[in-house]
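Every chain is numbered from 1, with letters handed out A, B, ... down the list of sequences. In what follows, every heavy atom counts, from backbone to side chain, and hydrogens, waters and symmetry copies are set aside. Worth saying up front: this structure is predicted, and the values here are computed from it rather than measured.
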Amino acid sequence: MGLLGFYFRKLITLIKGEVLVLPSRTIVGLFVLFLLIMPLITQDPYIIRIMIITSIFAILAASWDLLSGFTGQMNFGHALFFGVGAYASALLNLHAHIPPWGSVPLGAVVAILAGLIVGIPCLRIKHIYLALTTFAFPIILIGIINALPDYTGGDLGLSGLQRFTNSLVGGYYIHIITMLVLCFVMWKITDSNTGIIFHAIREDELAVKASGINTTRYKLLAFCLSGFFAGIAGGLYAHYMRIAGPSTLEVSMSFNVVIWAIFGGIATIYGPIAAVFILNPLLEFVRFWPEYRMLIFAVVVLLILLYMPEGLITWVREKIEIQCPRCKIRNVAIRKNCRVCTAELD
Amino acid sequence: MNIIITGLITGSMLALLAIGFSLIFGVARIVNIAHTAFYMVAGYIIYYLSIRLGLNVILSMLIAVVAVTLLGLLAYKFLIDPIREHELAVMIATIALALIFQEVTLQIFTGDYLSVYFLIKGYFIIGGNKVFYQQLLTFGVVLVILLVIWFLLMKTRLGLAIRSTAEDREVANLMGMNESRLAMITLGISVALAGVTGAVIVPLAVLSPYMWTEPLILMMAVVVLGGLGSIKGSFVAAYILGFTEALVTFLIPAGAFLKGPVALSIMILVLLIRPEGLFGIAFEEER
Amino acid sequence: MLLEIDHLNVRYEKAVLINDLSMGVDTGELVSLVGPNGAGKSTSLRAITGLVAWEREIKRRSTAGEIHIEGKVTFDGQRIDHVPAHEIVRMGLVLCPERRRPFREMTVLENLMAGAYLQKDKKKNQDTLSKVYDLFPVLKERSKQISGTLSGGEQQMLAIGRAFMSDPKLLCIDEPSTGLAPKTRAEVFEKILQINRLGITILLVEQEVSTVFKMTKRNYVLSSGKIIAQGTGEELMEDEIIRKTYLGL
Amino acid sequence: MAVPLLEVEGLSKSFGGLKAVNDIRFRMKQKEVIGLIGPNGAGKTTLLRLFTSILKPDSGSIRFKGKELVGMKTWDVVNLGVSCTFQNMRPFRRLPIIANVMVSCLSPRSMKHGEWVKRVEAKAMDALEFAGISDMALEKASTLSQGDLKRLEVARAVATDPELLLLDEPFGGLSPAETDLMAKSIRRLHKGGRFGRLHSEGPAMIIVEHKLQQLMKIVDRIIVLNFGTMLAEGTPEEVVNNPEVIEAYLGGGGGE
């Protein structure tokens, strides 16, 4: 009992000292808490459904950021990984009868392969060429899928997939927790030494080479990691919708990913996730005005970018937090002195 | 024979679009995803004026081109120019712009497929294939416009300034060229080209609010394949991809859906050999 | 004074590139601005021709890196420190940039015509063009050639010719001798002298002092963004200042 | 005779007809410090870039400790122990300074040499300490002044534990006081020893520089380049008094 109390007190101190001191962390904490207790508030199947799909897209947007935001390899065909993950896990589920908890990771492994296949030619192509070229990959895959209707179901896609669970709340927790874990892993990756190298590759690839780093290996790693996470998102999506169709590969899907990420602010991981959680429900909840949904979406994106070209979340963070000029620790914007080194903030 | 006609027409259309797209990219570094959306808007304006209002088709085409150009300039002034130095934000802004165009046309004209009458009716037969006069006319107009563009770029003072700015913004400034005004003018020309493409292609195509995505992908493939900023490259690449598409449709009639993927595969294969495109200039490591 | 620079300062964020620079150029003169690498020679030319301000305008929109520029620049009796770069050219202050920078994909003739962009009078253009061809016969031979394929020396002449086409009153030439063989260098310097004799004022930025000092009457020596000496070539050479700043002996 | 540290033979490179580097050959011993001088456009920077495989030579060979470097990838060259700085400085602008150096510390060579160092930050910090900018470790690289960027370049190169260090204008754009500091750092590095977790065995160096006065105090030997060819070679005194060199440096026939 005493031990439990000790850990409880430790947790409280941790939350007080590390989470509550910064509004951004507080918001993230509250948000995670909200996600976890949401089924207690409402069990409306429609809302639960939207939250599940939103969390799947959040994984997708974060995985784009991992590749394009961090290493600067602008991928405008990110739907490829999503679609490959979806189709691969669907095929494994339908033909090899592997249950979802096996087919999704295996599908993601196939998406890693896709990452390698796309990544190798992309090593030679740079900047805007890369962005314009990557558009092509999902389209080519759609062609292949249509050419092999016996295996892929052609235009109709593969349907009749197993779900993880038929329980509404159970499904919700599976997806939300997967999302939280995967996004945390991605954030950790970008926060690690590997993340620093990814950052540096975006800034100046030649200088990274001259520092003795095998940039080819790291760029491929970025493609594979990104493919893996996007593949999981694809697999989850296919199993949740119970269908894997060509719509997962469409141009609009690739566009959406990029819009989410840049809207939130690239090279942050949390930016794209937040953007998905803002934009996607917004898109869904305007159902009282269905014909203007996309229009509202586009106008919102345009207006936000006009005033915050660096991304919404980045902008908000700059407003509510301030960096200490001496020790570089972040502080609430209203503080007069740094919370650690007591230097004056301006 | 059909291959040649379809190939020529698709190729010409792609060439017009791609040249407009690479012009504005070259001068102002703007990747205008909404480029083909302007093409769609032009198509709809023509439809509205000629079919709904019963205006003369040629007149409506002219109005459409002017209207689209104005629309482009307004969008540039108020939406693109303020964030021009954030390349990514610009790209997203143009995507959003394209979506807005798509949704607005969807609201006004619904998602039904629409078409405009041929300007001239009739056809002749060569080797058992129908060749519509309209197809010939379209092709002829495209050629004339390509010539005009070539003349504008190569022989006029404005063209000289545009090409100079595209090559070296700073030195162009030193020659007394007002770089930001040129960007505006180039954007106007670029969008006007998209409008013209819409105008000439509309009698042959069916209109739908989603018609901008397919040519967008191919147009970008043309630009990359030909080498960014190379007009000659865009021209050649457009016909290569145009004919590839026609050939695929001809060889595998059941596999018409493959035409896009095959064309794109060709682009990727070429890029593997020449990463800078057919006529592009290789990146050389700075000295 | 045709060009007068009064207490010019240029800073890129924290780095001070030009530190309180004051100098002047009189009509008809051939003046040189010399100094070692990184002394701020090119930056000062870019500042007076409006390019620094232009760059600042672009950067301001992207929030990356701030550029500060202060001081008074007068050209031909008018203040030009707030005039945009493309307007300054119209007034007759023309810069022939460092590393030549021809429009590589265009022909020689097109490059020259780009230089004459502001001159709408066709007849006058033809006159200037024939003057350029007289000065640089090699450009006439190569007029249809793509300029990226020219040799270094030819590109330098093209760059000077292009600037000449803008009908300058004051021509600023930035490091014309870089990377050229001695014979070509001598030729380029000879052409610069000829242009000066045509009545065009020249402000020459160079590293290769000994040749330059034989051409000029007045020179400024720049080091770390500051003018540290001025005078005739002979004076400076005796002053040991050149040996110090250049060889560090 | 032992294998020379660096052996360059018949090295040539041209850019579109212009011979930037033309038939360069020289050898260098362990721990030797060579100064590379010459007027602008003489091919000094190009030569350094050939050594680190950033550019591919048209012909010739570069052997480092008997190993051919031509055709190798840049990172492999660096991991063999050849490290360079850039003349016009290429920091990762949006990263903190410490992260700039950590990238170098994460290279296989640096990791191997620092097995007992678990935290790359610590090593990066020591490299910064050595270069004298550790107090700014958390600042973004874009906020640094010219001189501090130079020092950052040096810290980055040193962090890979090089055996041959190529410095491209380490004093360029520095004030006299900063130049003195930098020269001191370079001499200290060459003497070798431990700088915290940074272990230096005193690398050989090739230094490209215009400030001869400082350069002469550091180098054993000077090579003069002009138009891509080697104009002269010898001790600093020999080179400075060589009339050909004075002519090339100060330009045709001048200097008297």
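Annotation: maximal heavy-atom pairing with chain A below 4.5 Å, among D:L106, D:T160, D:N79, occurs at D:L106.
Within the 4.5 angstrom heavy-atom criterion, atoms from both the backbone and the side chain of D:R94 approach chain A.
Between D:F92 and A:D204 the shortest heavy-atom distance is CE2-O, 3.4 Å. A pairwise comparison of heavy atoms in D:S107 and A:S211 identifies CB-O, 3.2 Å as the closest pair. Heavy atoms only, all atoms of each residue included: D:R156 and A:A207 are closest at NH2-CB, 3.7 Å.
Applying the 6.0 Å contact sphere to CZ of A:F184 captures no more than 12 heavy atoms from other residues, nucleotides or ligands. Within a 6.0 Å sphere centred on CZ of A:R217, heavy atoms belonging to other residues, nucleotides or ligands number 12 at most.
For the pairing with A:K209, the side-chain contact (heavy atoms from CB on, under 4.5 Å) check across D:T74, D:T52, D:I54 returns one residue only, D:T74.
Between A:I213 and D:W75 the shortest side-chain heavy-atom distance does not fall below 4.5 Å.
Scanning residues 185-203 of chain A against chain D with a 4.5 Å heavy-atom cutoff picks out A:N193, A:I196, A:I197, A:H199, A:A200, A:R202, A:E203, ordered by number.
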